[in-house]
Amino acid sequence: MEQTTHDHLLKTKRGEPVTLLEAVSEALFEEMTRDPRVFLMGEDIGVYGGAFKVTRGFLDHFGAGRVIDTPISEGGFTGAAAGAAHMGLRPVVEMQFMDFVSPAYDVITNYIATSRYRGAGALPLVIRGPVGGGNRGGPFHSQNVEMAFFHTPGLKIVYPSTPYDAKGLLKAAIRDDDPVIFEEHKGLYRAPGLRAVLPDEDYTVPLGSARTVREGADLTIVTYGAMVHTSVAAADTLESEDGVSIEIIDLRTLLPLDEDTIVGSVKRTGKLLVVHEDTRTGGIAGEIAMRVSEKAFEWLDGPMLRVTAIDAPVPYSGSLEDYFLPQAEDVVTAARYLAAY
Amino acid sequence: MSDYPHGLGRANLLELYGALCLTRAAEERLEVLQKQGHMTGGLYRSLGQEAGAVGAAYALRRKSDGTGDVVAPTVRAAGALFLFGAELTDFFRQYMARGTSPTRGREANVHWVNFEKGFVGPVSPLGTMVEVMAGVTLSFRFRDDDRVGMVFYGDGASSTGAWHEGLNFAAVQRCPLVLIVEANQWAFSTPPERTSRVRSFTEKAAGYGIGATSVDGTDVLAVFQAVRRAAALARAGDGVQMVELRYFRRRGHAQHDPQEYVDPAVLAEWESRDPIDLYRARLLFAGWASDEELSDLADEAAERCRVAAEQAIGEPLPPGPEAVEDVYSNVSLPHPWTRAPEPDPRRDHRPERVATLRVDGPSDTGS
């Protein structure tokens with residue numbers, strides 16, 4: 001077959017496994033093919049194909065009108081995305097690293113999130129980019145930014161942990177009429193253990209719906225992103241060494257939170273452990289615990305606990321970063337403590 | 001009688017006068033409403049600036065089917081809103097926070113939109129509308145449309161990062177966008193000398209590689225001509241154009257601001273250069289209109305405003321429980337559990353189940 005610039009975007013079509021990054025690329029490619037209103041803006045996404053090569057080949061295939069290399073101006077081009085969305089287009093804005101979303105905080109929270117509510121029309125745009133640490137990226141290339149936007153009504157926040165979910169959720173996010181912040185853990189982008197063959201047909205994963213990764217009876221872990229895999233490793237240890245059966249819920253969407261799935265699980269196991277890579281104070285564990293307290297207090301057999309990163313900027317040196325991040329051992333320790341309660 | 005200027009007909013000239021009168025009358029009616037206690041929030045007058053908004057808006061292609069030009073006015077460019085077809089009654093509903101307002105009471109004064117008619121009202125964070133209009137006009141290029149966007153902003157807003165980033169983006173993308181600088185010499189209490197070292201805001205244009213012109217903002221015909229030229233350039237593919245309107249903000253930042261920081265002598269001088277008086281004098285001097293015609297237009301405007309305001313006064317504030325609605329397109333959020341008939345945190349109270357709390361008819365104005 002003749003090589004085209006986008007052969008690498010047809011792996012699923014050929015039945016080949018894809019990484020989480022390739023799943024994201026395929027989602028973008030397929031949505032842009034399906035809907036001519038979808039277009040991309042971001043730094044170095046065109047000629048360079050994106051810092052992580054998510055959009056390699058897109059410029060050649062879709063043209064410069066739909067793949068726009070922007071000046072370094074996250075606030076400016078995110079605001080422009082809002083204007084384009086007003087006019088019926090469906091922009092997908094890339095933040096080269098989600099750490100750089102902060103200059104756009106004003107336009108996202110004041111303008112975009114409020115647009116539908118104040119009668120200016122829903123803004124169907126997606127702001128996506130790489131998050132997460134573990135790569136010695138230091139304070140400005142490793143953040144998890146969800147909680148900066150979590151308390152802004154009108155936004156949706158999505159954070160997949162697998163290629164299947166990444167592709168299905170990104171498509172759903174692009175088709176959703178509300179603004180979505182879409183976080184892709186960079187450590188999972190090319191993780192070999194996550195490669196999977198995806199369904200060839202057009203599929204979406206609904207926003208606002210958590211996934212039960214594994215069923216269990218003794219304790220519920222609620223988690224997302226890279227910590228899903230950390231929690232699975234910990235749960236394996238607890239199962240084999242302690243005979244403790246752990247249920248793991250992958251949130252997938254952080255906002256709106258799938259309260260029903262969380263509460264349903266805790267009502268069965270009686271114990272809640274939240275695991276997130278985000279820092280401790282103001283992390284989503286607090287919100288989840290309060291929801292469980294409101295809805296399922298009588299079902300709890302122990303305190304609601306959490307395993308999180310420490311309250312610090314993300315440090316650069318490996319020894320510091322490893323201490324900063326939650327490790328599988330931390331999850332094992334916490335789950336053991338809670339299981340024995 | 002002189003030849004009509006700028007290719008306009010007599011009807012156009014009278015239309016302009018009527019639009020100026022309507023702007024003035026609408027804001028004078030707002031003052032009455034405020035004194036009567038009907039208004040919620042601040043009153044932002046455009047006294048002295050009416051010719052800027054009117055002349056500029058008149059120069060654009062205004063349609064009501066979603067195919068015309070799009071304007072993003074500031075709160076001090078209400079005249080542009082009316083020319084783009086904004087309903088007078090809606091204007092008063094907005095200022096009085098009525099549930100019948102275009103934003104259902106969720107946003108204030110001129111902060112509302114109508115994309116069919118081609119206007120998008122501002123949000124309070126300044127500079128944002130430049131970014132947003134960069135995107136709106138980007139869509140015109142995307143679709144090869146013959147449309148132009150126009151965004152108003154004050155001299156103060158040109159200091160913001162949003163203004164800079166939005167303008168830079170629009171410029172480099174060659175968006176068909178006209179930037180109107182409302183150089184009214186005050187950013188609340190801060191004069192231009194304290195916000196920038198440039199003497200004219202057109203000097204900033206060089207930093208973006210765009211064309212700029214400066215015009216007397218009290219002369220409605222001069223503004224019309226300058227903006228028409230700028231819009232033609234933008235429409236022809238020449239990208240962003242800046243038009244600076246030079247005038248003076250003759251009332252405080254909002255009605256509650258007595259603007260004691262303004263030199264009374266300077267203010268008095270500008271009072272004598274009222275844009276409506278100047279235009280009226282010109283129309284009469286050139287023989288383009290009669291005194292009676294102009295007075296009738298002014299009276300008509302005042303009466304329309306009185307009637308529209310009365311209508312809006314009689315309409316209710318939105319029912320409180322509506323506050324949880326329409327945060328999202330497809331997610332409903334619960335009411336506070338403490339407000340349910342039998343408070344119980346274990347149960348959600350979703351909007352579908354509280355439709356009966358809707359209130360019809362006039363309710364307490366609250367002011």
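Remember, it's a predicted structure, so these values are computed and weren't measured experimentally. Each chain gets a letter, A, B and so on, in the order the sequences are listed, and its residues count up from 1.
If you measure heavy-atom distances from A:Pro36 to chain B, the contacts under 4.5 Å come from the backbone alone. Contacts of B:Val130 with chain A are absent, with no heavy-atom separation under 4.5 Å from either backbone or side chain. Looking at B:Val327, the atoms closer than 4.5 Å to chain A (heavy atoms on both sides) sit in the backbone and in the side chain alike. Neither the backbone nor the side chain of B:Asn114 comes within contact range of chain A; no heavy atom of the residue lies under 4.5 Å from a heavy atom of that chain. With a 4.5 Å cut-off on non-hydrogen atoms, A:Leu155 touches chain B through its backbone but not through its side chain. Contacts of A:Phe39 with chain B are made by side-chain atoms alone, with heavy-atom separations under 4.5 Å and no backbone atom involved. Both the backbone and the side chain of B:Ala323 come within contact range of chain A, each with at least one heavy atom under 4.5 Å from a heavy atom of that chain. Only the backbone of A:Asp69 comes within contact range of chain B, with at least one heavy atom under 4.5 Å from a heavy atom of that chain. Only the backbone of A:Glu74 comes within contact range of chain B, judged by heavy atoms closer than 4.5 Å. Heavy atoms of A:Asp177 lying under 4.5 Å from chain B belong to its backbone as well as its side chain.
Closest approach of A:Ala120 to B:Phe115, counting heavy atoms only: O-CE1, 3.7 Å. Of all heavy-atom pairs spanning B:Arg346 and A:Glu294, the tightest one is CG-O, 3.3 Å. A:Gly76 approaches B:Glu165 most closely through the heavy-atom pair N-OE1, 2.6 Å.
Of the residues considered (B:Val132, B:Leu333, B:Val331), B:Val132 shows the highest number of contacts with chain A, using heavy-atom pairs under 4.5 Å. Between chain A and the residues B:Arg143, B:His164, B:Met129, the largest count of heavy-atom pairs under 4.5 Å involves B:Arg143. Of the listed residues A:Lys156, A:Met41, A:Glu259, A:Arg66, the one with more heavy-atom pairs under 4.5 angstrom with chain B than any other is A:Lys156. Heavy-atom pairs under 4.5 Å with chain A peak, among B:Asn330, B:Val172, B:Leu138, at B:Asn330. Ranking A:Ala104, A:Ala80, A:Gly75 against chain B, the residue ahead of the rest is A:Ala80, based on heavy-atom pairs under 4.5 Å.
When the shell of 6.0 Å around CZ of B:Phe188 is examined, it contains more than 12 heavy atoms from other residues, nucleotides or ligands. In A:Tyr48, the OH atom is not crowded: 12 or fewer heavy atoms of neighbouring residues, nucleotides or ligands sit closer than 6.0 Å.
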Margin query: What verdict does the side chain to side chain contact (heavy atoms under 4.5 Å, CB included) test give for B:Arg104 and A:Arg118, after you've listed the backbone C-alpha separation in whole Å, the side-chain angles of each residue and the deciding distance to 0.1 Å?
Written below: CA-CA 8 Å; B:Arg104 295 164 59 200; A:Arg118 57 188 168 82; over 6 Å; no
When you look at B:Tyr328 and A:Leu255, which way does the side chain to side chain contact (heavy atoms under 4.5 Å, CB included) test go after all the steps?
-> CA-CA 11 Å; B:Tyr328 294 101; A:Leu255 187 70; 3.7 Å; yes
Q | Verdict with reasoning, B:Glu131 to A:Phe77, per side chain to side chain contact (heavy atoms under 4.5 Å, CB included) | A | CA-CA 7 Å; B:Glu131 300 171 335; A:Phe77 61 75; over 6 Å; no
Could you walk me through whether A:Asn110 and B:Thr128 satisfy the side chain to side chain contact (heavy atoms under 4.5 Å, CB included) test, starting with their C-alpha distance in whole Å, then the side-chain angles of each, then the deciding distance to 0.1 Å, before giving a yes or no?
CA-CA 9 Å; A:Asn110 281 316; B:Thr128 303; over 6 Å; no
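In this structure, A:Tyr111 and B:Pro125 have side chains that are not in contact, with every pair of non-hydrogen atoms separated by 4.5 Å or more. For the pair A:Met87 and B:Val70, the minimum side-chain heavy-atom distance is below 4.5 Å.
We find the CG-CG distance between B:Asp348 and A:Asp260 to be 7.5 Å, quoted to the nearest 0.5 Å. Taking OG of B:Ser329 as the start and CG of A:Asp178 as the end, the distance is 3.5 Å to the nearest 0.5 Å.
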